[in-house]
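Take a look at the structure set out below.
The figures that follow rest on heavy atoms only: side chains count, while hydrogens, waters and symmetry mates do not. Starting from 1, each residue takes its place in the sequence as its number. All ligand and atom numbering here is 1-based and tracks the order in the structure.
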Amino acid sequence: MQSKDHDVAIKYFDAIVVGAGLAGVCAAYQLRRSGISARILEAGGGVGGTWYHNRYPGARCDIESLDYSYSFSDELQQEWHWSERYASQPEILRYINHVVDRFDLRRDIQLNTRVTQASFDEAQERWVLVTDAGEVFAARYAIMATGVLSVTQVPSMKGLEDFKGEWFHTGDWPSQGVDVRGKRVGVIGTGSSATQLIPLVAEEAAHLYVFQRTANYTMPAQNHPTKPEVEKEWKQHYPDRRRFAWASGFGHNQVTNHLSGKEMTPEACLAELENRWRLGGLYMMRAFKDILTDAEVNDVAAEYVRGKIRAIVRDKETAEALCPRDLYIGTKRLCSGTNYYETFNRDNVTLVNVKNKPIDCVTGSGIQLVDGRSYELDVLIFATGFDAMTGAMTKINPLGRNGLSLREAWAEGPKTYLGLCMTGFPNMFVITGPGSPSVFSNMVTSIEQHVEWIVACIAYMKQHGFSLIEPTLHAQEEWTQHVTQMAGKTLYAKSRNSWFHGANIPGKPVVFMPYVGGVGNYYKKITQVADNGYEGFRLSAASATPEFSGH
Ligand code: NA7
């Protein structure tokens, strides 16, 4: 893909950022601050990425918003008020738009622009990116802020094209909303999106059928309006809070119990679990230091949650069907919702267990299972997840050195150095890529750590006259092995059926993708790599190619 192939003017920048979600917006801010010219290309009609597209009712963050927010400007964190403990999608979207306007970033962002091709021009030492409108951009650096949960997965289902009602995916929800009042609605899936959506749809629908294949664990979010004293305390101590998050295991301020479940008496375990249930949401995952490494300890927590489900759901058969089995708690991502289990006590809600009798097809009027049972529906909602962590990258399928495609390079699973860069793809950076803490952390912390590192790297290269940076094959292989070894010490090694492993996408290699070694340890590692002159990378001196300056 050379410029002469295109009868269009090429637009040159130091860096092209693909995506204007939380990562792309953070990159826009930091690149501007460092005097690196950049254009941010965003496929959506607005900024926000995940928070732009996931507009389904009940969409909400499961990390507390005081934590799930940028730390790069103290003015910003002091002036912004989060109305609830866990912000809803509209509030997060307002926040991202506020950041864009407050720092005048909109002029660097080009909306409604999907990057369809990216290839490395070796002679010119630059990335050439082509958009769906045929525009061509060239830049020394390509920064992929394409998101980790941005490519929706609608399972292939016979007959979907014949369905006379309307159907939607939670991750691609219409901006005008969906009117389910008085309608018969089906929801396929019982992951995080479904558990947030189901209670709200149930309040409006004539009848709601929930098609569940795998029961997952759902914690009560325990959401509430932000308490003024909590906000005041955070704002007084924001620098300490952020430092703590950056050095912590998961990139936030949730308190971890540092005791093993085995060191505690059954009474103490129960008290801890009760406390975690009261704290709500993902706090359960920090109940014991070994909850994700010791099967017996994990089962204590799992059994506790099963007990809660049995206590909440009145119909015994439904309660048992909602109880997760053969699933370590947390190995499919823990869900956090409000009134999820309570919703199954409503007369207009039916749980349809499709584990052993799966959906056979969609008919003109609804859903039919393999045993012949059928359900008449007006609206069908797919809460069926995403091609997580790698989908957006392999969809663009960048071509690196010698035409090496990313799909080829990742045929056996994603391989990266530090989750940031790939051998054969010089000067390409991935924000929160596979092999970094990413989805296993507070995404905003991980995004900020990556953006800080990438922008400092580009500045270093400019300062020292380097034009190319690329990980050595050895460093990449070692890191990829390390990521797998770390996961091997956890229960994820025994439970390989989640999107963390790519197992939800037919044909995708089953490999655990995020780095579980802890956000703080990871940050130390990438800082050390940079401090040691980018250990594990090959840096090459600038050729005759002139530096680009912004347009
Ligand atoms: P998830 O967590 O991937 O959940 C998808 C759900 O859809 C899950 O319950 C799946 O069951 C179910 N599913 C997928 N395909 C089918 C078919 N063919 N039949 C029945 N059920 C199906 O996606 P979410 O959007 O909820 O959450 C993604 C992340 O976003 C979440 O983890 C947070 O990090 C934010 P399965 O478990 O595969 O049996």
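- Between His482 and Trp479, the ring centre distance stays below 6.0 Å.
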Just list the side-chain donor-acceptor pairs under 3.5 Å for residues 379-393, sequence neighbours left out, or say none.
residue: Thr384; atom: OG1; partner: Gln153; partner atom: O; Å: 2.6
residue: Asp387; atom: OD1; partner: Lys508; partner atom: NZ; Å: 2.6
residue: Thr390; atom: OG1; partner: Lys508; partner atom: NZ; Å: 2.8

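- Between His53 and Trp173, the gap from one ring centroid to the other reaches at least 6.0 Å.
- Protein residues having a heavy atom under 4.0 Å from any atom of ligand 1 are Leu149, Pro155, Met157, Ile188, Gly189, Thr190, Gly191, Ser192, Ser193, Arg213, Thr214, Lys332, Arg333, Ala383, Thr384, Gly385, Phe386, Trp499, listed by chain and number.
- A salt bridge links Arg333 with Asp62: the closest approach of a Lys/Arg side-chain nitrogen to an acidic carboxylate oxygen falls below 4.0 angstrom.
- Proximity of a side-chain donor or acceptor of Arg276 to a complementary backbone N or O of Met285 within less than 3.5 Å is not detected.
- At least one test fails for Lys332 against the ring of Trp499: distance under 6.0 Å to the centre or angle within 45° of the axis.
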